[in-house]
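In what follows, chains carry the letters A, B, and so on, assigned in the order in which the sequence lines appear, proteins first and then strands, with residues in each chain numbered from 1.
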Number of protein chains: 2
Amino acid sequence: MPQTHPLNQEISLSVIKTACSNCNLRELCLPFGLSLDELERLDDLVSTRRRIKRGDHLYRAGEAFDAIYAIRSGFFKTDVLLEDGRDQVTGFQMAGELLGMDGISTEVHTCNAIALEDSEICAIPFSRLESLSREIHTLQHHFHKVMSREIVRDHGVMMLLGTMRAEERLAAFLLNLSQRFTARGFSHAEFYLRMTREEIGSYLGLKLETVSRAFSKFQEEGHIAVQQKHIRILNVNGLKALMSHRP
Amino acid sequence: MPQTHPLNQEISLSVIKTACSNCNLRELCLPFGLSLDELERLDDLVSTRRRIKRGDHLYRAGEAFDAIYAIRSGFFKTDVLLEDGRDQVTGFQMAGELLGMDGISTEVHTCNAIALEDSEICAIPFSRLESLSREIHTLQHHFHKVMSREIVRDHGVMMLLGTMRAEERLAAFLLNLSQRFTARGFSHAEFYLRMTREEIGSYLGLKLETVSRAFSKFQEEGHIAVQQKHIRILNVNGLKALMSHRP
DNA sequence: GTGTTAGCTTGATCCATGTCAACCGTAAAT
DNA sequence: ATTTACGGTTGACATGGATCAAGCTAACAC
């Protein structure tokens with residue numbers, strides 16, 4: 001049932017089309033900081049929504065790139081495949097985050113994006129995004145920030161893979177998830193993991209057995225309660241200490 | 001001694017000011033693909049050159065961000081520091097590559113950029129770059145490609161750190177350097193490393209002893225000849241095989 | 001209900017890389 | 001030419017996480 005916006009009747013019209021101006025993720029996503037005017041111009045661009053079923057690909061490595069994607073709801077992973085068959089999860093993405101920026105450089109996607117639960121995405125045709133951001137300074141700048149944030153995030157992962165031990169990595173991972181759930185209005189202390197131990201391990205450069213053991217250890221020490229994919233964080237500071245305490 | 005360009009007398013004039021239009025790295029760097037007209041507009045923007053002595057910082061983590069930097073000559077490393085004192089080298093950059101894009105997201109640099117030899121950089125004020133790329137489509141698109149390439153590169157490093165063993169990492173590292181030197185017109189088979197074993201190790205998530213042992217092993221096996229920082233690649237295919245051969 | 005399967009946990013053992021330590025080579029300083 | 005210092009090499013040993021293996025749990029199909 002469509003809701004009317006308290007401020008402006010014009011907006012309540014746009015509720016009917018599925019649009020950024022109406023999206024409760026707009027403060028986390030591409031529209032951040034845009035005026036009402038500008039939002040409506042973005043709406044024209046982001047017209048295609050798509051449902052992706054759990055396990056399905058949003059895009060595959062090797063496919064032509066022509067759009068980036070904003071996650072409207074759901075949960076994704078991206079992974080890269082090496083010629084020799086090894087692969088690695090390069091990230092987990094949740095609502096409000098953008099996918100596909102890896103494809104800009106060569107106009108071919110370099111990784112796979114796979115839904116970890118039934119999800120919904122907004123496709124943003126890239127050349128039209130470039131046009132619009134030539135006109136809307138705020139949009140241009142925000143998009144640059146988003147790409148830069150991805151680079152900074154990657155540096156964090158490199159740090160994690162290069163210098164941290166297994167338990168530090170897992171603690172960092174849990175704290176990061178918790179923080180991102182919080183930003184989306186969910187509990188910071190209790191959530192369901194959408195990914196398997198193997199996927200977590202791949203992301204963290206560990207084997208699934210090591211991930212499992214670390215979960216058990218955290219539980220024994222009273223930092224968290226784990227039951228399969230259900231996680232409760234009992235002691236945030238404990239985890240933080242684990243993350244940065246050298247042995 | 002200034003040279004005249006065979007095509008156009010106008011260009012020989014611009015030789016006098018130190019400018020992109022005159023730079024032999026322009027095909028590797030930001031000016032890629034621009035017309036003569038557009039190049040001259042970029043020249044106005046990239047007016048400040050700076051020399052950075054070996055060991056000096058180009059910028060430091062925590063400093064305000066307001067420009068990105070193109071390397072005109074020389075060699076840099078970037079590193080990230082964790083609160084607990086651990087650090088990691090996140091990249092090595094050479095002539096024609098851009099530095100500083102990590103700072104766009106928060107307007108504060110998140111890593112240190114340090115010259116590994118006496119170097120020269122061109123400062124590109126970021127807000128002016130954004131303005132100009134609102135006017136020059138090609139510039140805008142190329143800049144997006146450069147940022148995206150950085151993301152793809154980072155994924156490669158994550159792959160390396162997450163799934164490769166010590167010798168595979170070092171082989172990948174050497175092949176990557178070789179390929180980048182080649183793109184700059186240098187020998188693909190013979191070069192001097194600008195970084196120490198410790199810096200290589202930090203980048204590859206290994207200890208310096210492990211790096212040193214791997215160099216020795218490669219030499220014993222006839223893939224390379226090492227003498228301190230001087231490297232000769234004797235068998236590229238051997239290295240490639242090492243890179244992707246699981247044990 | 002029962003069977004099936006994918007994912008998770010736990011134990012025993014092994015090995016790649018880290019750690020610690022001694023020594024060597026090269027280049028700059030005196 | 002000698003000293004000094006930094007970076008690199010090599011060896012011996014320790015260990016964190018991988019590997020191999022067995023069994024458990026939860027969810028889902030039938």
What distance separates Arg213(A) CZ from Lys207(A) NZ, expressed to the nearest 0.5 Å? 13.0 Å
Could you tell me the separation between the CZ atom of Arg165(A) and the C1' atom of dG17(D), rounded to a whole number of Å? 10 Å
Under 3.5 Å, is there any donor-acceptor pair linking the side chain of Gln227(A) to the base of dC8(C)? no
What is the distance, to the nearest angstrom, from the NE2 atom on His230(A) to the P atom on dA27(D)? 12 Å
Are the side chains of Leu204(A) and Leu160(A) in contact, using a 4.5 Å heavy-atom criterion? yes
Length of the OH-C1' vector between Tyr192(A) and dG7(C), whole Å: 16 Å
In terms of the nearest nucleotide of DNA chain D, which residue is placed more toward the 5' end: Ala166(A) or Gln228(A)? Ala166(A)
Would you mind telling me which of dT9(D), dG18(C), dG17(D) lies closest to the side-chain atoms of Lys207(B)? dG18(C)
Starting from P on dA26(D), measure out to NZ on Lys229(A) and report it in whole angstrom. 14 Å
Minimum heavy-atom separation for Leu161(B) and Met158(A), please, with both atom names. CD1-O, 3.6 Å
5' priority, DNA chain D, between Leu208(A) and Glu198(B) [closest heavy atom]: Glu198(B)
Whole angstroms only, please: what is the CD1-C1' distance between Ile231(B) and dG8(D)? 12 Å
Note, Asp66(A) side chain near Phe126(A) side chain (heavy atom, < 4.5 Å): no
Please classify the nucleic acid contact of Ser212(B) as base, sugar-phosphate, or nothing, using heavy-atom distances under 4.0 Å. base
Parallel, tilted or perpendicular: which describes the rings of His109(A) and Tyr59(A), with under 30° parallel and over 60° perpendicular? parallel
Would you mind classifying the nucleic acid contact of Gly205(A) as base, sugar-phosphate or nothing, using non-hydrogen atoms under 4.0 angstrom? sugar-phosphate
For dG7(C), does OP1 or OP2 lie under 4.0 Å from any side-chain N or O of Thr196(A)? no
Protein-nucleotide distance (Leu204(B), atom CG; dG18(C), atom P), rounded to Å: 11 Å
I need the CG-P distance between Leu161(A) and dG17(D), as an integer number of Å. 13 Å
Using a distance-only criterion (donor-acceptor N/O pair, under 3.5 Å, no hydrogens), is the base of dG16(D) paired with the side chain of Arg213(A)? no
Looking at Glu209(A) and dC8(C), is any side-chain donor or acceptor paired with a base atom of the opposite kind under 3.5 Å? no
Between dA16(C) atom P and Leu170(B) atom CG, what is the distance in whole Å? 17 Å
